[in-house]
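All figures in this text were calculated on a predicted structure; none of them were measured in a lab.
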Amino acid sequence: MWRQMDQAAEQSCGKCTPCRMGTVLVRDALDALRHGRKSPLDLAAIETLADQMTATSMCGLGQTCARALLAALRSFRDVIEAEIARGAQPEQNGLAYMTAPCIEACPSRINVPRYIDYIRDGKPEHSLGVILQKYPMAATCGRVCVRFCEMACRRKFVDEAVGIKTLKRYVADQQSGDKALKFGRELISQPLGADMRVAVVGAGPAGVSCAYHLLLHGYHVDILEAMREPGGMAAIGIPAYRLPKHVLHSETDIITELGGRFLFERALGRDFSIDDLFARGYRAVFLAIGCQQGIRLGVEDEDPSVPGYKSGIGFLLEVHDHVAGLKSVSLSGEVIVVGGGNVAMDCARSALRMGADKVHVVYRRTREDMPADSEEVEAAIAEGVVFHFLTNPTRIVTGDGRITGVEVAGMRQTAPDGHGRRGVAPVPGTEQIMPCGTLIAAIGQQVVKGALTAEDGIAFDRWNCVAIDPLDLSTSRPGVFAGGDCASGPSTLIHAMANGLKASRSIDDWIRLGRVTFQPRTRMREILNDNKMLADDAVEVPVKPQYRVHHPELDPTVRKLMFEEVEQTISPEQAYREAKRCMRCYRTYSVITERAIPEAGA
């Protein structure tokens, strides 16, 4: 109980007396009792204080941190009194773990309430520091993150989830120009020898995140990238109206500022192999090669070589080159995009900006089933994209050597399966031709064929992704780790950066110790998840409804004609108001173990 209250006292924001004073008083009283000293408070006084904290604290931390203590005092008072009568006891092995629903929902486990606290205190640079502990691409993530944290936010039980992503972008954009944070080798506390080299293959979010953390650990890191610029799918797959390239490049530049190197136009399987990397003296390799090859629709008369046929990723690469001024690309007539993910939304909205007269999105399931971010779907609708749900392509129609249309059929939902998910089946007799001049297949991506060969010794799973151990991201070849899309299939930027952090820890362990160490906090997260200890609950104290701040946006009729950034940064006043909406839903969990828990990183 002392360990749990000590954690609460350390994390208290100090804005209300019950939590600020109560946690300290109870902690010190418990500390005296566990060491056999006279306590300034007896058990009755401790119970009274704990009760007051639970009933009157202003945030989730103070409201919940004493619940376990209260339950123990009320149900096992005789056991506790017997413990006290025996005097000082040996130190117990265990761990206290403080978290919140938003923290556990984030793949990178960022301490969201803490960085929001700093905004409320008028310290955006401190807030950014909390984010930089986990990954370097704060401004990028603040623009394109899919907001798992907001989905878990308890504020939604009152009105709307806190605008966590909006606040992240605010603090990142504050650190620009003359206010920009400086990165350099002086940030590295223990630089390692020149032989401590690691190769990162792929300069996307996973590769950049892994390199960032390894550099801060003192390693010498080279990132080998097949393209001529860093960023991976963030660079070529996310259009400039969502993520301006100067924003992305300002964050990938952190790698060179920390002493890392980008080696561009170096493709795995073409210019080097895994064997070559180890022969050059690299101690370990991290594969972050992504999934940059499109998947075919698998319908009748499909031929990717026919003019007018484009893969989703191929089209976005054309858009990237057009915006960058590398080559001129334009569309005309009607465009059909097949798919329901964020790539499909990016393709549809980009097609409008490239000159298409009309853009249709064809998706075989319902809108509720779409994996795309709901905000992206709404933005596409506002810009004039036409959606056709429960519709599936069955045949490609060509004429005069190019695509002229797509035959589609209506679909119906089937009965839910054992997991509650409803499938779809075609409705006979509903076939029709949708005319178009361009068809964009955006149903998924895969690892580029030939990047890895049998000689590399890297196994693949049944989904044709690099097979990894989920605990440490190790592959079938010792010393080679993998993460991001190449290991999971197409996923999100925040998942990729979380993989980069995890891989950096595993690589550090592998090089220093020859094995990967136990991670206590990771195990605690597994326990919480397995036992559903962070299940949704109601707000403990009444909170005045106050709806969230939203990004200012360009008008849809204007923005669909250009690639200028659609969303703008909120003001400091708006950021302060939004930060005040956070209810600091911290929860503290403790575990007692028979043996001492091995030390490891956070």
Where do [X] and [Y] come nearest, in terms of heavy atoms and distance?
X    : Y    : answer
V361 : A348 : CG2-CB, 3.7 Å
P136 : E251 : O-OE2, 3.6 Å
K168 : Y135 : NZ-OH, 2.9 Å
L493 : P205 : CD1-CG, 3.7 Å
A199 : L224 : CB-CD1, 4.1 Å
A235 : P230 : CB-O, 3.5 Å

Evaluate the side-chain proximity of [Y] to [X]: yes if any heavy-atom separation is below 4.5 Å, no if none is.
X    : Y    : value
V200 : L287 : no
N392 : P426 : no
L268 : I274 : yes
V447 : I289 : yes
T522 : E526 : yes
L316 : C347 : yes
M233 : I313 : yes
Q413 : T366 : yes

Would you say the side-chain atoms of [X] and [Y] include a donor-acceptor pair closer than 3.5 Å?
X    : Y    : value
E334 : H360 : yes
D173 : T569 : yes
D369 : Y363 : no
S506 : D509 : no

Answer yes when [X] and [Y] have at least one side-chain N-carboxylate O distance shorter than 4.0 Å, and no when they do not.
X    : Y    : answer
R548 : E150 : yes
E376 : R242 : yes
E383 : R349 : yes
D303 : R402 : no
D373 : R147 : yes
R559 : E553 : yes
R169 : E565 : yes

Straight-line distance of [X] [atom1] to [Y] [atom2], nearest 0.5 Å:
X    : Y    : atom1 : atom2 : value
R283 : Y219 : CZ    : OH    : 8.5 Å
C106 : I494 : SG    : CD1   : 4.5 Å
I440 : L297 : CD1   : CG    : 11.5 Å
K310 : L317 : NZ    : CG    : 10.5 Å
L243 : L248 : CG    : CG    : 5.0 Å
S374 : E368 : OG    : CD    : 11.0 Å

Listed once per pair and sorted, the side chain to side chain donor-acceptor pair (under 3.5 Å) pairs that draw on residues 261-275, sequence neighbours left out
D222-R261, S273-D276, D275-R477
Under 6.0 Å between ring centres: does that hold for H495 and F148?
yes
Return the orientation label for the Y241 and F563 ring planes: parallel under 30°, perpendicular over 60°, tilted otherwise.
tilted
Do S491 side-chain atoms and S488 backbone N/O form a donor-acceptor pair below 3.5 Å?
no
Quick note, ring-ring contact (aromatic ring centres under 6.0 Å, His included) partners involving residues 313-358, not counting sequence neighbours, are none
Report the residues that fulfil salt bridge (Lys or Arg N to Asp or Glu O under 4.0 Å) with R109, sequence neighbours left out, ordered by chain and then residue number.
E104
When you measure from the centre of the six-membered ring of F264, is the NZ or CZ of R228 under 6.0 Å away and within 45° of the axis?
no
